Amino acid sequence: MEFQILPQRFYLRQDVLLIARELLGKRLVSHIDGALTAGIITEVEAYRAPDDKACHAYGNRRTPRTEVMFRAGGCAYIYLCYGMHHLFNVVTGPEGMAHAVLIRAIEPVEGLDVMLTRRRQKKLSPQLTTGPGVLSAALGLHKKLSGESLLSKKGEIWIENSNLNPTAKDIASSARIGVDYAEECATWPWRFYLKNSNWVKKTKTR
DNA sequence: CGAATGATCGGCT
DNA sequence: GCCGATCATTCGA
């Protein structure tokens, strides 16, 4: 079955919270080292410069790392976290606007064997692709792919439609995870996830 | 179970 | 020099 790739106009909009919610249920696909792997996006977080202290580009600070966040929407921002995890974000908004959506979890749908091998797991379970670091590992995403376009199926990463079309009643929100340092921004309910999915990290704080 | 901890390194809020 | 948009493992109850 062929799914339609998300066009650049999807990413160019200025409302990153809306885009984050709309990414739920879409298919995230990687074609890396000759292997095709894909999963349904089940959990995301929005980050929005300049006012969001949890965003790496807070205050519109430009560094070699954050530079890609200022590009026009439709490319990947991947960075290293805790010295070992590559976290995958989607850059959104027009050029000069540093918005991004962190993909936190997917439900695997294609290339399960490849994902299991990359994660060194034997059995399919939520821990295969639930969590921003493990999802990147399963899809083979690496920070050297930061800045890659998401707009062509000839590329290494893209996002396409699925049969799912979650509506407001299917979506829950909460504060973002791991951003306690961000002061008043730490409580903003900018994490979104599919209520009925098993492929979402359980949070203890509620 | 939950909490604590070690791994490991780039970027500097 | 410090510490994170994390995860797997271990330890204790």
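By convention in this document, chain letters (A, B, ...) are assigned in the order of the sequence lines, proteins followed by strands, and residues within each chain are numbered from 1. Being a predicted model, the structure only gives us computed values, none of them experimental.
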Practice prompt. Round to a whole Å and report the spacing from NE2 of A/His86 to P of C/dA5.
Written response: 16 Å
Practice prompt. Measure from CG on A/Leu128 to P on C/dT6 and round the result to the nearest Å.
Written response: 18 Å
Is a salt bridge present between [X] and [Y], judged by a nitrogen-to-oxygen distance below 4.0 Å?
X: A/Arg61; Y: A/Glu67; answer: no
X: A/Arg176; Y: A/Glu45; answer: no
X: A/Glu107; Y: A/Arg27; answer: no
X: A/Glu183; Y: A/Lys53; answer: yes
X: A/Lys26; Y: A/Glu22; answer: no

To the nearest 0.5 Å, how far apart are [atom1] in [X] and [atom2] in [Y]?
X: A/Ser162; Y: A/Leu24; atom1: OG; atom2: CG; value: 10.5 Å
X: A/Ile19; Y: A/Leu12; atom1: CD1; atom2: CG; value: 8.0 Å
X: A/Glu110; Y: A/Ile40; atom1: CD; atom2: CD1; value: 9.5 Å

Discussion item. According to side-chain hydrogen bond (donor to acceptor under 3.5 Å, both in side chains), who are the partners of A/Asp51, at least two apart in sequence or on a separate chain?
Written reply: A/Arg48
Item to complete: Decide whether A/Thr167 and A/Lys169 meet the rule of one side-chain donor and one side-chain acceptor closer than 3.5 Å.
Response: yes
Worksheet item: Are side-chain heavy atoms of A/Asp170 and A/Lys195 found at a separation under 4.5 Å?
Response: no
Discussion item. Within the 4.0 Å limit for protein heavy atoms, which parts of nucleotides 5-13 of chain B are touched? Write it as a string from 5' to 3', B for base, S for sugar-phosphate only, - for none.
Written reply: --BBBSSSB
Worksheet entry | Letter per nucleotide, 5' to 3', of nucleotides 8-13 of chain C [B base touched, S only sugar-phosphate touched, - untouched; heavy atoms, 4.0 Å] | S-----
Discussion item. Taking the cut-offs as 6.0 angstrom to the six-membered ring centre and 45 degrees off its axis, would you call A/Arg13 and A/Tyr11 a cation-pi pair?
Written reply: no
Worksheet item: DNA chain B in dot-bracket, Watson-Crick or G-U pairs under 3.5 Å, [ ] crossing, | other strand?
Response: |||||||.||||.
Counting only pairs under 3.5 Å, give me each side-chain donor-acceptor contact of residues 86-106 of chain A, with atom names and distances, residues two or more places apart or in other chains.
| from | atom 1 | to | atom 2 | distance (Å) |
| --- | --- | --- | --- | --- |
| A/His86 | ND1 | A/Lys143 | N | 3.1 |
| A/Asn89 | ND2 | A/Tyr77 | O | 3.1 |
| A/Asn89 | ND2 | A/Leu87 | O | 3.4 |
| A/His99 | NE2 | A/Ala49 | O | 3.4 |
| A/Arg104 | NE | A/Glu43 | OE2 | 2.9 |

Discussion item. For DNA chain C, which residues of residues 101-118 of chain A approach it to below 4.0 angstrom with any heavy atom?
Written reply: A/Leu102, A/Arg104
